[in-house]
Amino acid sequence: MSDPRSIPPPFQIGRHMMSLWVPQAIHAAAELGIADALAEGPLSASDVASRLRTHSDATARLLDALAVLGLVERRAGTFALSELGRYLCDGADGSRRAWARLMGGEHVWRAWGRLTDCVRTGKAAWTATSGERTSETETFDALSADPEAAAVFHRAMADGTRGAAPAIVEAAELRDARSVVDVGGGHGELLAAALTAHPELRGRVFDLAHAEAGAKALFAARGVEARASFTAGDLFAEDPPAADVLLLKSVIHDWDDARSVAILRRCAAAIGERGRLVVVEPPAPEPGSEVPESFAWIVAFSDLNMLVNTGGRERTAAEYTRLLEQAGLRVRAVRSAGGFYSCFDATRA
Ligand SMILES: C[S@@+](CC[C@H](N)C(=O)[O-])C[C@H]1O[C@@H](n2cnc3c(N)ncnc32)[C@H](O)[C@@H]1O
């Protein structure tokens with residue numbers, strides 16, 4: 001879809017609103033496996049429908065929309081996967097299939113539908129309407145009750161982390177460490193990158209039980225299973241296992257300040273007097289600073305995404321540093337990990 005600002009002002013809001021149809025079209029394509037059906041060559045709409053056991057006419061209409069989005073191309077009565085569409089294939093290098101399934105799926109989609117309540121109350125969608133917090137890990141509890149949704153969530157996180165992981169591992173400076181725990185490490189993509197870069201290092205993912213099977217499968221696929229393990233646990237109820245270095249990537253932005261400090265205190269307990277905690281997040285720009293529009297866009301909407309899903313928020317580097325200090329930690333260095341990520345390297349104060 002063209003940039004809405006290039007059309008007359010009265011139509012811009014309408015165009016913005018209609019853009020809500022786009023993620024659902026991509027979600028349906030990802031959910032049904034349309035890209036995988038086309039991976040070996042172009043097919044007619046009815047052939048796609050018979051492979052996927054979908055309604056022929058409705059499938060043709062979805063393919064028309066995907067063609068407008070540039071995910072497929074028309075070729076003599078058939079549809080072929082475009083270069084862009086290949087990123088919806090399962091397991092493709094850089095695949096965003098799981099991300100599309102997560103973002104357009106039941107949990108996230110319903111949460112965004114309650115944004116108004118979230119803005120009225122300042123609370124996540126789960127609690128914004130009732131006013132009551134159901135538990136400390138309400139969003140992730142829902143995943144515990146829905147193994148398919150949990151698998152999609154962790155797969156989406158792992159896919160998003162894979163490309164950035166080598167630069168994060170480098171910026172985390174693990175040379176002198178013998179053991180590392182990736183706290184909230186999901187399927188272990190970052191841990192696998194750390195163990196690959198440092199052949200003497202041993203590591204563990206600490207996360208909720210619903211990440212365990214996927215993590216073990218990923219360790220085996222990366223050939224690090226002899227040095228990698230998984231400990232299931234709840235960060236709000238227990239300290240993570242001790243290690244020379246604890247990694248904590250994309251976890252703190254999930255939570256409000258009070259819960260973030262509680263998590264950081266537990267990490268501080270686990271690193272002991274000599275260990276390090278490396279918090280990895282993309283810091284938000286300082287207010288009033290000049291940043292590329294694409295970065296401003298991602299930070300602003302990711303911030304709302306955190307609000308509706310978990311009650312968390314995006315934070316500036318100064319805000320991360322303050323949270324760490326409130327938890328009794330001292331930031332020794334902030335290192336850029338390439339792209340948007342920074343590593344906040346902390347020890348006990
Ligand atoms: C946004 S994901 C980040 C995953 C991974 N670190 C990455 O960057 O790809 C947040 C992670 O925190 C985990 N998590 C949430 N609540 C938790 C809790 N109470 N105890 C342990 N882990 C938790 C989730 O299961 C999930 O793997």
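All residue numbers refer to positions in the sequence shown, counting from 1. As the structure is a computational prediction, the values presented were derived from the model and not from experiment. Just so you know, ligand 1 is whichever comes first in the structure, and atom 1 is the first atom listed for that ligand. Only this structure's heavy atoms are used, side chains among them; waters, hydrogens and symmetry mates stay out.
Under the 4.5 Å side-chain heavy-atom criterion for grouping Ile, Leu, Val, Met, Phe, Trp and Tyr, V181 is connected to L324 within one hydrophobic cluster. Put simply, V278 and I263 are part of two different groups of oily side chains (I, L, V, M, F, W, Y) that touch within less than 4.5 Å, one to the next. Under the 4.5 Å side-chain heavy-atom criterion for grouping Ile, Leu, Val, Met, Phe, Trp and Tyr, M306 is not connected to M157 through any hydrophobic cluster. L201 and L246 are members of different hydrophobic clusters when ILVMFWY side chains are connected at heavy-atom separations under 4.5 Å. Linking ILVMFWY residues whenever their side-chain heavy atoms come closer than 4.5 Å, directly or via other members, places V245 and I168 in the same cluster.
Not close to ligand 1: G160, with no non-hydrogen atom less than 4.0 angstrom away. The shortest separation from a heavy atom of W255 to ligand 1 is under 4.0 Å, placing the residue in contact. Under a 4.0 angstrom heavy-atom cut-off, H154 registers as being in contact with ligand 1.
Taking every non-hydrogen atom of F140 and a distance limit under 4.0 Å, the qualifying atoms of ligand 1 come out as 15 (C), 16 (N), 24 (C), 25 (O). Residue F236 approaches ligand 1 through these ligand atoms, each under 4.0 Å from one of its heavy atoms: 19 (N). Close approach to H210 involves these atoms of ligand 1, each under 4.0 Å from a residue heavy atom: 25 (O). Remark: ligand 1 atoms within the under-4.0 Å shell around heavy atoms of G233 are 20 (N), 21 (C). Proximity to G186 (heavy-atom distance under 4.0 Å) selects the following atoms of ligand 1: 27 (O).
Classified by interplanar angle (parallel below 30°, tilted 30° to 60°, perpendicular above 60°), the ring pair F140/W255 is tilted.
The shortest N or O to N or O distance between T161 and ligand 1 is below 3.5 Å. At under 3.5 Å, a nitrogen or oxygen of D234, whether backbone or side chain, sits near a nitrogen or oxygen of ligand 1. Residue D182 places no N or O, backbone or side chain, under 3.5 Å from any N or O of ligand 1.
Not one N or O on the side chain of R51 forms a donor-acceptor pair closer than 3.5 Å with the backbone of S46. R276 contributes no side-chain N or O that, together with a main-chain N or O of D345, makes up a donor-acceptor pair within less than 3.5 Å.
No hydrogens or angles considered: a donor-acceptor pair under 3.5 Å links the side chains of R204 and T231. With no hydrogens or angles considered, a side-chain donor-acceptor pair links E314 and S302 at under 3.5 Å.
Counting heavy atoms only, L235 comes closest to atom 18 (C) of ligand 1 of the residues N309, L235, T310. Ranked by closest heavy atom to atom 8 (O) of ligand 1, the top entry among K249, E189, H187 is K249. For atom 6 (N) of ligand 1, the nearest non-hydrogen atom from the set A156, G184, S250, G312 comes from G184.
Contact annotation for V280 and ligand 1: no heavy atom of the residue comes within less than 4.0 Å of the ligand.
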